[in-house]
Amino acid sequence: MNKAFKAVKGMNDCLPAASPVWHYLENTLRQVVASFGYSEIRTPVIENTQLFCRSIGEVTDIVEKEMYTFVDKGKDSLTLRPEGTASCIRAAVEHGLTYNQQQRLWYMGPMFRRENPQKGRYRQFHQFGAETFGIADPDIDAELIAMTAMLWQKLGFADTVRLQLNSLGSNEAREAYKLILVNYFKDNFEQLDKDSQRRLDSNPLRILDSKNPELVDLIKNAPKLNEHLDEASQLHFTNLCNKLDVLGIDYQINPTLVRGLDYYNRTVFEWVTDALGAQGTICAGGRYDGLVKQLGGQDTPGCGFAMGLERIILLLEQQIELSTKLSPAVDVYLCMLGEKAEIEGLKLARKIREQLPLVRLQMHCGGGNFKKQLKRADKSAARLAIILGDDEVVNQSAGIKFLREQREQLLLSQDDLMNQLVELLK
C-alpha cells in the first residue's frame, strides 16, 4: 500500500472546524484598520534574497539560520518572505507610493521561517501588519499603538495583555551606546552564555533580550539605553508617552526592550501576555526611519507593527464566550423529500441565494428519508431547516423547523418565506 502523505513539518492545515475563529479574527482586523483609514497592500510571498539581507541584517538569526532560500532556474537567489515590512517597502518604492506622500498600509498573509516548531509558532505562520510612511512625528506611533489597543478590546482580551515601550534613539546614539554595552559585557564575558557571546560583536543589543534566567542580574545592571538617548529622540519619546496618557493607554517603559532586526530606531513597543507561556509577545512594532532609503527609496520616515495570528488565535480560544461571537458556516439547511421536491428545491435555493445573498444556505444532497435529512441539518449547525415535500410543492409553500430553539414549526408560502427569512434568523 502506498504511504500516505503528511504535511511538511511546521506547516499546519487549517481544518473546517477551525475556520470560524480565523474568519472572526480576520474580519475584526479588517474592521479596525478600516476605522483608522488604512489601505490594504498585497505582495508576493517570494522576493529577491538580498531584500531581506539588506533590511533585516545579514548577522541576524533570521538571515543566518531561518530563511527558506533557493536558486531558481534563472539562477536568481529567491527567498520565501520571513516578515512583511521589507516586502511592503519594496512594493511602495517600486510603485512610487513613498515619493513625497504619506501612506497608511496594512497586509495579512503567510510568512516562512525555519524555526523549531512549537505551539503558536510554526514554520509557515500568518502575520498581520501595518506600515506607515512619510510621518516623522510621534502622532503616528501613538496611532498605531491605539489601533492595536482597540483590537484587543474588540477581541475581548484587553485585560490579559500589557504594553511595553522603549526608545532606541537615533542610529548615531545607538551605535555609541553599543560601544558602551560591548565594553560592559566584555568585562563580564565569562558570565555570558554561548549565544550571547556570539552576539557580542555582531548584535549586542540582542543580549538585552535574552530569556536565559541566569543572565537576569547581569542584564539588569547593564548600562541603560534610555540613559544614552540623543535629545531629539528623548523629546520624541516623551511626546509619545504624553499622547498615550491622553488616550488612557497604560504602558510600561522597559529599558531592555530591543529589536532583533537592524532597521529599527527610536520607538519600539511590544504587547505581551502571560497567558501563552514562553511565547508571550503577540505584537511588536516601532520606527524604522532609515529603511526606505536603505532599500532604494528617498529618505522617508516609517513606523509600523506586526503580529503573528496563530498566537492571537490561541488567546481567542481561551475565551469561554468566544462561541457566541462566531457565526456558523450555515444559516439554513434545505431538506427535500421526493423527486418533485428536489426540482422545486433547486429553484428555491437559487432564488434565496440571488435575492438574500447574506443568507448562507446548504442544500441536502444524496437523498435519504426525513430523519436522515434532519440529522444532517442538525450536524450542519444551521439555525433552521426549510422542508419541502409533495404537499409543499403543490401548494408552493415551505415548512420551517427551528433547530436551535424550542419554537413551533411554521408553514409559510414561498413568497412569505422570502419576505420573512432574514427576520426568522435574527
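Counting begins at 1 with the first residue of the sequence. Here the structure is a predicted model, which is why all the values come from computation and not from measurement. Only this structure's heavy atoms are used, side chains among them; waters, hydrogens and symmetry mates stay out.
- A side chain to side chain donor-acceptor pair (under 3.5 Å) check over residues 4-18, counting only residues at least two apart or in different chains, returns nothing.
- Nearest heavy atoms, R287 versus A136: NH2-CA, 3.4 Å.
- Using a distance-only test at 3.5 Å, with no hydrogens or angles considered, a donor-acceptor pair links the side chain of Q197 to the main chain of L192.
- The local environment of CD in E339 is sparse, with at most 12 non-hydrogen atoms from other residues, nucleotides or ligands closer than 6.0 Å.
- The line from CG of L25 to NE2 of H126 is 11.5 Å long, rounded to the nearest 0.5 Å.
- For E405, the CD atom is densely surrounded, since the number of other residues' heavy atoms within 6.0 Å is greater than 12.
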Could you please spell out the steps behind the side-chain hydrogen bond (donor to acceptor under 3.5 Å, both in side chains) verdict for S167 and Q234?
CA-CA 8 Å; S167 176; Q234 183 63 64; over 6 Å; no
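- Listed here is the closest heavy atom pair of I386 and L417: CD1-CD2, 4.0 Å.
- No side-chain donor-acceptor contact under 3.5 Å links Q124 to the backbone of G10.
- At most 12 non-hydrogen atoms from other residues, nucleotides or ligands lie less than 6.0 angstrom from CD of E408.
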Show, in sequence, the C-alpha distance, side-chain angles and deciding distance for T273 and R311, and conclude whether the side-chain hydrogen bond (donor to acceptor under 3.5 Å, both in side chains) test is met.
CA-CA 10 Å; T273 179; R311 296 185 191 180; over 6 Å; no
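- Of the inter-residue distances, the one linking I135 atom CD1 with Q102 atom CD reads 4.0 Å to the nearest 0.5 angstrom.
- Residues E131 and C88 come closest through the heavy atom pair CG-SG, 3.8 Å.
- The backbone N or O of V21 lies less than 3.5 Å from no partner atom in the side chain of E317, so there is not a single donor-acceptor pair.
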The test is side chain to side chain contact (heavy atoms under 4.5 Å, CB included); show your working for D415 and M418 and say whether it passes.
CA-CA 5 Å; D415 288 340; M418 297 301 297; 5.5 Å; no
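- The two residues R174 and L168 come nearest to each other via the heavy atoms CB-O, 3.6 Å.
- In this structure, the side chains of R104 and F36 stay at 4.5 Å or more apart for every pair of heavy atoms.
- Within the 4.5 Å cutoff, side-chain heavy atoms of L244 are placed close to those of L165.
- Residues F70 and T49 form no side-chain contact, since every pair of their non-hydrogen atoms from C-beta on lies 4.5 Å or further apart.
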Any chance you could lay out the side-chain hydrogen bond (donor to acceptor under 3.5 Å, both in side chains) test for R266 and S233, step after step, and finish with the verdict?
CA-CA 6 Å; R266 290 193 173 170; S233 294; 3.1 Å; yes
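- Open room surrounds NZ on K154; 12 or fewer heavy atoms of other groups in view lie less than 6.0 Å from it.
- A salt bridge (Lys or Arg N to Asp or Glu O under 4.0 Å) check over residues 37-52, counting only residues at least two apart or in different chains, returns the pairs E40-R42, E47-R90.
- Checking side-chain atoms of Q373 against main-chain N and O of M336 turns up a donor-acceptor pair under 3.5 Å.
- Rounded to the nearest 0.5 Å, atoms CD (E94) and CD1 (I89) are 13.5 Å apart.
- In this structure, Q103 and I41 have side chains that are not in contact, with every pair of non-hydrogen atoms separated by 4.5 Å or more.
- Surrounding CZ of R404 are more than 12 heavy atoms belonging to other residues, nucleotides or ligands, all under 6.0 Å away.
- A salt bridge links D331 and R360; the closest N-O separation between the charged side-chain nitrogens and carboxylate oxygens is under 4.0 Å.
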Test log, rule side chain to side chain contact (heavy atoms under 4.5 Å, CB included), inputs R353 and R350
CA-CA 5 Å; R353 288 167 179 149; R350 182 177 65 182; 5.9 Å; no
Please step through side chain to side chain contact (heavy atoms under 4.5 Å, CB included) for the pair H236 and T267, ending with a clear verdict.
CA-CA 8 Å; H236 184 102; T267 305; 3.6 Å; yes
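- Qualifying side chain to side chain contact (heavy atoms under 4.5 Å, CB included) partners for Q298, counting only residues two or more places apart in sequence or in other chains: Y99, N100, T300.
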As a quick check of understanding, evaluate side chain to side chain contact (heavy atoms under 4.5 Å, CB included) for L80 and R114, giving each step before the final call.
CA-CA 11 Å; L80 292 173; R114 199 183 189 284; over 6 Å; no
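- Here the side chains of F128 and I312 are not in contact, with every heavy-atom distance at 4.5 Å or above.
- Under the side chain to side chain donor-acceptor pair (under 3.5 Å) criterion, the residue pairs touching residues 22-38 are Y38-E143, with sequence neighbours excluded.
- When atom types are taken as modelled, the side chain of T132 and the backbone of C303 share a donor-acceptor pair closer than 3.5 angstrom.
- Between the CD1 atom of I313 and the SG atom of C14 there is a distance of 7.5 Å, given to the nearest 0.5 Å.
- Not one N or O on the side chain of Q252 forms a donor-acceptor pair closer than 3.5 Å with the backbone of N254.
- For Q362, the side chain to side chain contact (heavy atoms under 4.5 Å, CB included) partners two or more places apart in sequence, or in a different chain, are V330, Y333, S380.
- Counting all heavy atoms, side chain and backbone alike, N369 lies closest to L337 at C-CD2, 4.2 Å.
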Apply side-chain hydrogen bond (donor to acceptor under 3.5 Å, both in side chains) to residues E344 and Q396 and explain how you reach the verdict.
CA-CA 9 Å; E344 186 68 22; Q396 283 291 290; 3.1 Å; yes
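- Using a 4.5 Å heavy-atom cutoff, the side chains of Y107 and S87 are not in contact.
- More than 12 heavy atoms of other shown residues, nucleotides or ligands fall within 6.0 angstrom of atom CG in D76.
- The backbone N or O of L257 lies less than 3.5 Å from a partner atom in the side chain of N166, making a donor-acceptor pair.
- Taking the side chain as every heavy atom from C-beta outward, L29 and M307 approach each other to under 4.5 Å.
- For the pair D378 and K375, the salt-bridge criterion is not met [side-chain N within less than 4.0 Å of a carboxylate O].
- Put simply, the side chain of F237 reaches to within 4.5 Å of the side chain of I253, judged on heavy atoms.
- Closest approach of G302 and F133 over heavy atoms only: CA-CD2, 4.3 Å.
- Judged purely by atom type and a 3.5 angstrom limit, R383 uses its side chain to pair as donor or acceptor with the backbone of L425.
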Run the salt bridge (Lys or Arg N to Asp or Glu O under 4.0 Å) test on R198 and D195 for me, step by step, so that the C-alpha distance in whole Å, both residues' side-chain angles and the decisive distance to 0.1 Å come before the verdict.
CA-CA 5 Å; R198 181 180 63 84; D195 196 38; 3.0 Å; yes
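- Residue pairs meeting the salt bridge (Lys or Arg N to Asp or Glu O under 4.0 Å) criterion with at least one member in residues 387-403: none, sequence neighbours excluded.
- Relative ring orientation between W271 and W152 is described as perpendicular, the plane-to-plane angle rising above 60° on a 0-90° scale split at 30° and 60°.
- Side-chain atoms of K224 come within 3.5 Å of backbone N or O of A222 as a donor-acceptor pair.
- Summarising the geometry, atom CG belonging to L309 is positioned 11.0 Å from atom CG belonging to L314; distances are rounded to the nearest 0.5 Å.
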